[in-house]
Amino acid sequence: MDPHLLRTFVAVVDNRSFSAAAAELGYTQSAVSQHIAALEADLGAPLVRRRPVGPTGAGERLLEHARPLLLRLEAARVDIARFRATRPARLAVAATPLALTPVLARALARIRSSAPGLAVSLHVLGREAVPAAVMAGDADVGLVDGAAAPSDPLPLPDPGPLATVAIAEEPLVVLLPDGHPLTRRRSLRLADLTDAHWLDAPDTAVPLAQLRAAARSDGFRPQVAYGGTDVRGVGTLVAGRHGLAALPLAAAAGLPGTVAAPLSAPRLVHRTEALHPADPAAPVPGLLAALGQ
C-alpha cells in the first residue's frame with residue numbers, strides 16, 4: 001500500500017469530505033478521488049461511502065492500521081533526521097496530566113539552572129498523544145501514567161522504537177463522593193466495583209480499559225464521559241455523583257467533596273514512565289536523572 005494513498009484515505013475519513021481532504025493535502029479533488037479509487041482497487045474492497053462520506057466496514061478496519069503505519073513512517077523519518085541535524089538547545093517535554101507533578105517541576109528547574117539558555121517547553125497531552133509526539137519529534141521526552149501491577153511496565157500502545165524508563169510508583173485509590181456507602185470500608189476490591197457507575201476520563205483518571213484488564217471483567221461501564229485534562233474537573237464530577245474514578249493518592253488528596261479509598265486487591269499501583277528515542281537529545285538524560293532523585 002502506497003503511504004500517500006493511505007494518507008489521503010485518512011484525510012478523507014477525518015474530514016468526512018473529499019473536497020476538504022483535498023484542501024488539507026494540497027491536492028485537487030479529482031486527485032483525491034483517484035487516490036481512493038486506487039487504494040480500493042489495490043485492496044479489492046470499497047473503503048469509503050460517498051454519500052454521506054464515511055468509512056465502510058472495510059474502511060474502519062483499514063483505519064485501525066493506517067494511523068499507526070503513518071505514525072511509524074513519520075517516526076522513522078524523524079529518527080534518521082536526528083543523525084544528520086544539529087539539535088537546537090531545547091528540551092520539549094510532553095506529559096499526561098497526572099505526570100505533571102512537583103517532582104517534574106523541580107527536575108525541570110535543575111535542568112534550566114545547569115544549562116542557561118536552554119529553551120524548555122512542556123505540553124500536557126492525552127495518553128495516546130504523548131508517545132505520538134515523541135515518535136514524531138515534536139517532543140524530546142514524554143511522560144505517561146497509568147495503572148499496573150507493582151514493577152510491571154505500563155500497557156502502552158505500540159511505542160515503536162522508543163525506550164521506556166520507570167519514573168515513579170505510588171498507591172492507587174478509588175475516588176468516591178462524600179456519603180457514598182463504600183466510604184465506610186477501610187479498603188476496596190476492584191472486583192466488587194465492576195457494576196458501579198464510573199466516570200470515563202481516559203486522559204486524566206486511570207482508563208477504564210486498564211481497570212477491566214486488571215479485574216478480568218467487561219464491567220466498569222461509564223455513566224459520564226469527561227474529555228478534559230484537569231484532575232479538578234474529575235473531582236468535581238465525582239463529587240457530583242457522576243461516577244467513580246481511579247487516581248493516584250497524591251492527585252486524589254484534597255479534592256473537595258470526595259473520599260479516596262485505597263484498593264486492596266488486586267495489587268495495583270499508579271506508575272509513571274518516561275519515553276524517549278534510543279538516541280535522545282542531550283538534555284534528556286539529565287532530566288531523567290533529576291526525576292530519579
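Of the possible polar contacts, none joining the Thr258 side chain to the Ala239 backbone as a donor-acceptor pair under 3.5 Å is found. Side-chain N or O atoms of Glu273 include one that pairs as donor or acceptor with a backbone N or O of Leu154 at under 3.5 Å. Judged by distance alone, the side chain of Trp198 and the main-chain N or O of His242 form no donor-acceptor pair under 3.5 Å. At least one donor-acceptor pair under 3.5 Å links the side chain of Ser113 to the backbone N or O of Arg110. Counting only distance, with no hydrogens or angles, the side chain of Asp42 and the backbone of Ala38 share no donor-acceptor pair below 3.5 Å. Of the possible donor and acceptor atoms, one in the side chain of Glu170 sits under 3.5 Å from a partner among the backbone N and O of Ala250. In this structure, Ser217 contributes its side chain and Thr194 its backbone to no donor-acceptor pair below 3.5 Å. For Asp140 (side chain) and Ala281 (main-chain N/O), no donor-acceptor pair under 3.5 Å exists by modelled atom type.
Note: Leu73 CG to Arg7 CZ = 7.0 Å, rounded to the nearest 0.5 Å. In this structure, the separation between CZ on Arg112 and CG on Leu287 is 13.0 Å, given to the nearest 0.5 Å. Separation of atoms CG (Leu211) and CG (Leu244) is listed at 10.0 Å; rounding is to 0.5 Å. Atom CZ of Phe18 is separated from atom OG1 of Thr8 by 10.0 Å, given to the nearest 0.5 angstrom. Here His123 contributes atom NE2 and Ser121 contributes atom OG; the two are 4.0 Å apart, rounded to the nearest 0.5 Å. A distance of 6.0 Å separates OH in Tyr27 from NE2 in His4, rounded to the nearest 0.5 Å.
Hydrophobic clustering of Ile, Leu, Val, Met, Phe, Trp and Tyr side chains at less than 4.5 Å, counting indirect connections, unites Leu91 with Val165. In terms of hydrophobic clustering, with Ile, Leu, Val, Met, Phe, Trp and Tyr side chains grouped at heavy-atom distances under 4.5 Å, Leu176 and Leu208 are assigned to a common cluster. When hydrophobic clusters are built by joining Ile, Leu, Val, Met, Phe, Trp and Tyr residues whose side-chain heavy atoms come closer than 4.5 Å, directly or via intermediates, Leu291 is grouped together with Leu118. Taken together through direct or relayed side-chain contacts under 4.5 Å among Ile, Leu, Val, Met, Phe, Trp and Tyr, Leu190 and Val259 form parts of separate hydrophobic clusters. Grouping the Ile, Leu, Val, Met, Phe, Trp and Tyr side chains by contacts below 4.5 angstrom, directly or via other members, places Val124 apart from Tyr226.
Within the 4.5 Å cutoff, the side chain of Leu125 has no heavy atoms near those of the Thr229 side chain. Inter-residue side-chain proximity for Val144 and Thr272 is flagged as unmet; no heavy-atom pair is nearer than 4.5 Å. Residues Leu255 and Leu247 meet the side-chain proximity criterion, which asks for heavy atoms closer than 4.5 Å. Using a 4.5 Å heavy-atom cutoff, the side chains of Leu199 and Gln223 are not in contact. Inter-residue side-chain proximity for Asp178 and Thr183 is flagged as unmet; no heavy-atom pair is nearer than 4.5 Å. Residues Val269 and Pro171 form no side-chain contact, since every pair of their non-hydrogen atoms from C-beta on lies 4.5 Å or further apart. Leu172 is not listed as a side-chain neighbour of Leu249, based on a closest heavy-atom distance of 4.5 Å or more. Side-chain contact between Val224 and Asp200 is absent, with no heavy-atom pair separated by less than 4.5 Å.
A pairwise comparison of heavy atoms in Leu98 and Ala251 identifies CD2-CB, 3.7 Å as the closest pair. Residues Arg271 and Ala148 approach most closely at CD-CB, 4.4 Å, considering heavy atoms. Val141 approaches Val134 most closely through the heavy-atom pair C-CG2, 3.8 Å. Closest of all the heavy-atom pairs between Ser264 and Arg189 is OG-CG, 3.6 Å. Minimum heavy-atom separation, Leu104 to Ala99: CD2-O, 3.7 Å. Nearest heavy-atom pair across Val130 and Ala94 is CG1-O, 3.8 Å.
For Arg50 and Glu40, the salt-bridge test passes: some basic side-chain N is under 4.0 Å from an acidic carboxylate O. Using a cut-off of 4.0 Å between Lys/Arg side-chain N and Asp/Glu carboxylate O, Arg127 and Asp145 are scored as salt-bridged. With respect to the salt-bridge test (charged N to carboxylate O, under 4.0 angstrom), the residues Arg72 and Glu74 do not qualify. Salt-bridge annotation for Asp14 and Arg67: present, with a side-chain N of the basic residue lying under 4.0 Å from a carboxylate O of the acidic one. Between Arg185 and Asp192 there is a salt bridge, since a side-chain N of the basic residue sits under 4.0 Å from a carboxylate O of the acidic one.
Heavy atoms of other residues, nucleotides or ligands lying less than 6.0 angstrom from CD of Glu169 number more than 12. More than 12 heavy atoms of other residues, nucleotides or ligands lie within 6.0 Å of CZ in Arg212, so this atom counts as buried by the packing criterion. Surrounding CZ of Arg61 are at most 12 heavy atoms belonging to other residues, nucleotides or ligands under 6.0 Å away. For Arg186, the CZ atom sits in a loose shell: 12 or fewer heavy atoms of surrounding residues, nucleotides or ligands are nearer than 6.0 Å.
No hydrogens or angles considered: a donor-acceptor pair under 3.5 Å links the side chains of Ser30 and Gln34. A side-chain donor-acceptor contact under 3.5 Å links Ser19 and Ser17.
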> Does the side chain to side chain contact (heavy atoms under 4.5 Å, CB included) test come out yes or no for Leu143 and Ile167, once each step is laid out?
Replying inline: CA-CA 9 Å; Leu143 297 174; Ile167 297 299; 4.2 Å; yes
> Going through the checks in order, is the salt bridge (charged side-chain N to carboxylate O under 4.0 Å, His left out) test met by Arg49 and Glu60?
Replying inline: CA-CA 11 Å; Arg49 297 188 308 272; Glu60 291 280 8; over 6 Å; no
>> If you apply the rule side chain to side chain contact (heavy atoms under 4.5 Å, CB included), what do you find for Leu175 with Val173, and how did you get there?
In response: CA-CA 6 Å; Leu175 197 65; Val173 300; 5.7 Å; no
>> If you apply the rule side chain to side chain contact (heavy atoms under 4.5 Å, CB included), what do you find for Val13 with Leu47, and how did you get there?
In response: CA-CA 10 Å; Val13 172; Leu47 302 172; over 6 Å; no
> Taking it one step at a time, do Phe9 and Leu63 satisfy side chain to side chain contact (heavy atoms under 4.5 Å, CB included)?
Replying inline: CA-CA 8 Å; Phe9 166 70; Leu63 202 60; 3.8 Å; yes
